[in-house]
2 protein chains.
Amino acid sequence: MTSLAPAFSGDIADCPSPDLSFLLDHTSHVLRTRMAAALAEVGMTARMHCVLVKALEEERTQIQIAEIGDMDKTTMVVTVDALEQAGLAERRPSATDRRARIIAVTDAGAEMAKRSQAVVDRVHAEALGSLPEELRPVLLEALTLLARGHLAEPVESPAGARRARQV
Amino acid sequence: MTSLAPAFSGDIADCPSPDLSFLLDHTSHVLRTRMAAALAEVGMTARMHCVLVKALEEERTQIQIAEIGDMDKTTMVVTVDALEQAGLAERRPSATDRRARIIAVTDAGAEMAKRSQAVVDRVHAEALGSLPEELRPVLLEALTLLARGHLAEPVESPAGARRARQV
DNA sequence: TATTGTTATACTCTATAACTATA
DNA sequence: TATAGTTATAGAGTATAACAATA
């Protein structure tokens, strides 16, 4: 019971109308655990899947993929290490920039991307499929509007900004 | 740019139909940063707010509030410490169980709970208010159905279970 | 000088373990 | 024996700093 939904109305069964924070926190957290469990069955994580897919679309460097997936470049290193160890991707020198590494997906990686995408699609379909049909498009529409509009950008964390390292 | 949305379609502007995982992760993450920033202005965190509200409703022990808010009891200790230091709540011995501590909200705490609840309501109203009026109830309805139904309970994390401590 | 990628590590968060005191 | 609360700390995750190679 990881408390990723740390606040507001906890007991949804009793609650006539839980608030937006609780609803978004709870549903995203649970969906994430379902996704992680489903991807783990094929030996993948959500990050590995994301990198694989973005690397397949076109030739991209680590930094480019990190930006797309909103990861730190150091997190990217760890993820690419995992993909390499699993034989799903390789680092190749860029032809145009000798500092940069192209993430090349192996045949096994391309195969895996298909499987993991099927897993992702299945998990999403199961969640949406549990809703009355008329609610499915409006849920996606409303969330998309929020994600593009009022909830597009995180605001600065008040005390959360990581301090500089002690030297 | 905390990467709490570590996967799937990153660039929402280009994406015709971002997937449910991205939408829920992104919106919940950004709403959380907005809530944290707004509550920080009155010196509160979401957890402190949650504990204060639940302690005000009726006489409750730390464990009871921890269960409602889905927190670990050790996390609860830290939160109550913060509330005590801010003069918003006090630990009082339970009349019926000398092991247990009732979380008693001070006058300042009750005042603060009003203010922080107003902050919470405002942040939610701003988010919902950014949507076309007809989408607001259906968004809440769809999320509530998911939170009570298919996405009610987290599934076990594959490798996530914390290991026993090294002795 | 700025940037890509790497290593090393510091910071935050949260849960486990062990403990005290009660039940 | 089991539970409420506490302390201390381990483990996971992630970002900062410093660095090497290159732009």
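Order of the sequence lines fixes the chain letters, A, B, ..., with proteins taken first and strands second; residue numbering starts at 1 for each chain. The figures that follow rest on heavy atoms only: side chains count, while hydrogens, waters and symmetry mates do not. Just so it is clear, the model here is predicted, and its values are computed rather than measured.
- dG5(C) atom C1' lies 13 Å from atom CD1 of Ile65(A), rounded to whole Å.
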Checking side chain to side chain contact (heavy atoms under 4.5 Å, CB included) for the pair Glu41(B)/Val119(B): CA distance, chi angles, key distance, verdict?
-> CA-CA 9 Å; Glu41(B) 283 174 29; Val119(B) 168; over 6 Å; no

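- Each of Thr74(A) and Arg101(B) was matched to the nucleotide of DNA chain D holding its nearest heavy atom; the match closer to the 5' end belongs to Arg101(B).
- Across the protein-nucleic acid pair, Met71(B) atom CE and dT16(C) atom P stand 17 Å apart, rounded to whole Å.
- Using modelled atom types, one finds a donor on one side chain and an acceptor on the other under 3.5 Å when comparing Gln117(B) with Asp121(B).
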Grab the N/O contacts between the protein and nucleotides 19-23 of chain C below 3.5 Å, and write none if there aren't any.
from, atom 1, to, atom 2, distance (Å)
dA23(C), OP1, Arg98(B), N, 2.9

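- Across the protein-nucleic acid pair, Asp70(A) atom CG and dT14(D) atom C1' stand 12 Å apart, rounded to whole Å.
- If you take CG of Asp72(A) and C1' of dT4(C), they are 13 Å apart, rounded to a whole angstrom.
- When side chains are defined from C-beta on, Leu151(A) counts as touching Arg34(B), because their heavy atoms get closer than 4.5 Å.
- The side chain to side chain contact (heavy atoms under 4.5 Å, CB included) test applied to Leu145(A) returns Glu141(A), Leu131(B), Pro132(B), Leu135(B), not counting sequence neighbours.
- Ile103(B) has its CD1 atom 10 Å from the C1' atom of dG5(D), to the nearest Å.
- Rounded to a whole Å, the CD1 atom of Ile63(A) is 17 Å from the P atom of dT22(D).
- Distance CZ (Arg47(B)) to C1' (dA15(C)): 12 Å, rounded to an integer number of Å.
- One atom, CZ of Arg92(B), and another, C1' of dG5(D), lie 18 Å apart when rounded to the nearest Å.
- Sorted by residue number, the members of residues 76-90 of chain B with any non-hydrogen atom under 4.0 Å from DNA chain D read Val77(B).
- The shortest distance between side-chain heavy atoms of Val123(A) and Leu39(A) does not fall below 4.5 Å.
- Residues Lys73(A) and Val77(A) form no side-chain contact, since every pair of their non-hydrogen atoms from C-beta on lies 4.5 Å or further apart.
- Taking a cutoff of 4.0 Å between a charged side-chain nitrogen and a carboxylate oxygen, Arg115(B) and Glu111(B) do not qualify as a salt bridge.
- In this structure, the side chains of Leu140(B) and Leu20(A) come closer than 4.5 Å at one or more pairs of heavy atoms.
- Note on Gln62(B): a side-chain N or O is less than 4.0 Å away from OP1 or OP2 of dT6(D).
- Within the 4.5 Å cutoff, side-chain heavy atoms of Met76(A) are placed close to those of Val51(A).
- Here Ser94(B) lies out of heavy-atom contact (under 4.0 Å) with every strand.
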